[in-house]
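Naming convention: chains lettered A, B, ... in sequence-line order (proteins, then strands); numbering from 1 in each chain.
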Number of protein chains: 2
Amino acid sequence: MSTRDRILSAYEELLINEGPRGATMDAVVALAGVSKGGLLYHFKNKEALAAALITRLQELAAEDIRTMAADPEGPSRYLVRESVYVGSALDRALIGVVRLAQASDAEASAVLERIHRDWMDLVLAEVGSPAIARAIVLLGDGLYYNEGLPGGWPREKSSSTAESVAELLEVVEVLKAHAASLQRSR
Amino acid sequence: MSTRDRILSAYEELLINEGPRGATMDAVVALAGVSKGGLLYHFKNKEALAAALITRLQELAAEDIRTMAADPEGPSRYLVRESVYVGSALDRALIGVVRLAQASDAEASAVLERIHRDWMDLVLAEVGSPAIARAIVLLGDGLYYNEGLPGGWPREKSSSTAESVAELLEVVEVLKAHAASLQRSR
DNA sequence: GTCTATATTCTGATAGAC
DNA sequence: GTCTATCAGAATATAGAC
């Protein structure tokens with residue numbers, strides 16, 4: 001792993017665990033094990049650090065969306081299955097960029113919006129009904145925030161992840177069945 | 001409105017729009033139109049400012065939960081109806097405290113967790129099925145983040161709020177009907 | 001490519017006048 | 001109750017040595 005990647009991952013890690021407030025250049029430097037000058041050789045300022053993380057997210061998300069489109073269980077189930085935070089490279093980049101967006105980074109918001117719309121488009125193409133598609137995507141959003149943000153929305157203590165996801169996938173089936181019946185009755 | 005309340009609301013406003021990063025004492029002072037000394041008379045340090053906002057949220061949330069329990073359409077529909085951000089005093093305090101929690105404020109997280117559990121308890125008592133209750137609360141969470149965070153998760157451009165909420169309430173009915181059928185088949 | 005040293009600006013907080 | 005003046009420490013960024 002290159003020094004550049006190590007620095008970027010340290011920044012990501014700090015965004016996730018400490019928030020934008022804690023992701024100072026000093027903290028990044030300490031975690032990545034380089035000096036301040038070393039950091040500034042690779043990223044000329046803090047903005048460049050944020051831009052690089054956003055680029056990393058775009059690349060990972062593009063790949064994920066292709067996987068979602070090709071998933072044998074369909075995009076809806078894929079979305080809900082994968083919305084539980086497991087600490088994948090995509091999860092980490094996504095939450096890091098969400099933190100940036102929360103700190104009013106316009107570029108971060110724009111990228112998140114594009115990813116979100118891609119999800120919505122795939123789910124809509126599968127289920128047909130915009131209302132049901134919206135509900136499924138919102139379910140994924142809620143799950144993501146519930147599970148994924150340390151210190152964000154509190155996690156359900158009950159959720160022994162695996163089985164609670166199975167339950168939610170059942171709910172997704174109920175919604176898909178309803179969407180299908182809407183299709184037939186048109 | 002007292003000076004104290006004006007200061008606290010300025011802090012809340014900055015948390016929402018600029019994030020914890022931007023909610024500096026200087027910024028609060030500028031927005032509230034008082035001097036730094038004036039602020040520090042009412043709140044002896046920044047921690048006191050955060051604690052006061054959390055207290056404000058607790059009071060507003062306690063009242064809201066009583067309203068939710070007594071709503072004629074039931075807690076589930078109330079939750080989804082009210083989860084769309086409309087800028088009420090509760091909405092604002094809630095998002096402000098979410099921002100604090102994201103900045104690793106333990107007290108903020110604890111209060112959010114209690115509110116969240118109260119919602120879950122009411123919805124569960126109404127629908128009977130934990131899985132369906134969880135889905136409904138997650139739907140509210142997703143909605144809240146989608147609509148409520150400026151620069152957070154992007155808002156659907158399609159959502160002409162009123163009708164998209166009506167659609168989601170339809171989805172809630174589908175879920176409630178399914179929960180009821182689960183109850184009967186036990 | 002990476003480091004040290006330093007300049008500059010911002011943030012939170014104190015002391016005391018009015 | 002509210003203000004001005006001021007400070008210590010942290011954060012970003014620059015310059016230049018190795």
Side-chain angles (χ1 to χ4, degrees), chain A residues 1-56 96-108 151, chain B residues 1-56 96-108 151:
Chain A
M1 199 183 201
S2 69
T3 300
R4 194 194 128 98
D5 281 347
R6 273 201 359 261
I7 293 171
L8 189 55
S9 293
Y11 176 59
E12 184 184 76
E13 169 90 11
L14 286 163
L15 275 178
I16 294 171
N17 292 334
E18 313 291 339
R21 191 78 207 274
T24 68
M25 297 183 92
D26 273 349
V28 171
V29 155
L31 186 59
V34 295
S35 71
K36 206 173 281 197
L39 186 162
L40 287 161
Y41 170 78
H42 292 286
F43 306 94
K44 78 173 198 295
N45 54 31
K46 216 184 179 188
E47 201 181 331
L49 213 41
L53 183 60
I54 289 172
T55 299
R56 176 187 274 189
V97 173
V98 166
R99 297 282 185 138
L100 285 178
Q102 285 160 349
S104 304
D105 183 309
E107 190 63 28
Chain B
M1 200 183 200
S2 70
T3 299
R4 193 194 129 97
D5 281 347
R6 275 202 355 262
I7 293 171
L8 190 55
S9 293
Y11 177 59
E12 184 183 76
E13 168 89 13
L14 286 163
L15 276 178
I16 295 171
N17 293 334
E18 313 291 339
R21 193 77 206 275
T24 68
M25 299 184 93
D26 273 349
V28 171
V29 155
L31 186 59
V34 293
S35 70
K36 208 174 276 198
L39 186 161
L40 287 160
Y41 170 78
H42 292 286
F43 305 94
K44 77 173 200 295
N45 54 30
K46 214 183 182 189
E47 201 181 332
L49 213 41
L53 184 61
I54 290 172
T55 298
R56 176 187 273 189
V97 173
V98 166
R99 297 283 186 136
L100 285 178
Q102 286 161 349
S104 304
D105 182 310
E107 190 63 29

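- In this view, B/S9 and B/R56 satisfy the side chain to side chain donor-acceptor pair (under 3.5 Å) rule, not counting sequence neighbours.
- Near DNA chain C, meaning a heavy atom under 4.0 Å away, the residues from residues 2-12 of chain A are A/T3.
- Looking at heavy atoms from C-beta onward, B/V34 lies in side-chain contact with B/R6 at the 4.5 angstrom threshold.
- Listed for the A/R99 side chain is a donor-acceptor partner under 3.5 Å among the backbone atoms of B/Q102.
- A/D105 and A/A50 make their closest contact through OD2-CB, 4.1 Å (heavy atoms, listed as atom of the first residue, atom of the second, distance).
- With values rounded to the nearest 0.5 angstrom, A/Y11 atom OH is found 10.5 Å from A/T24 atom OG1.
- Residue pairs meeting the salt bridge (charged side-chain N to carboxylate O under 4.0 Å, His left out) criterion with at least one member in residues 40-51 of chain A, sequence neighbours excluded, do not occur.
- The shortest heavy-atom contact between B/L39 and B/V29 is CD1-CG2, 3.7 Å.
- Side-chain contact between B/M25 and B/L40 is present, with heavy atoms from C-beta onward closer than 4.5 Å.
- Pairs engaging residues 15-41 of chain B under the salt bridge (charged side-chain N to carboxylate O under 4.0 Å, His left out) rule: B/D26-B/K36 [sequence neighbours left out].
- Side-chain contact between A/T3 and A/I7 is present, with at least one heavy-atom pair separated by less than 4.5 Å.
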Base versus backbone protein contacts along nucleotides 8-13 of chain C [heavy-atom cut-off under 4.0 Å; B, S, -]: ---BBB
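- Where DNA chain D meets chain A (any atom under 4.0 Å from a heavy atom), the bounding nucleotides read 5' to 3' are D/dA11 to D/dT14.
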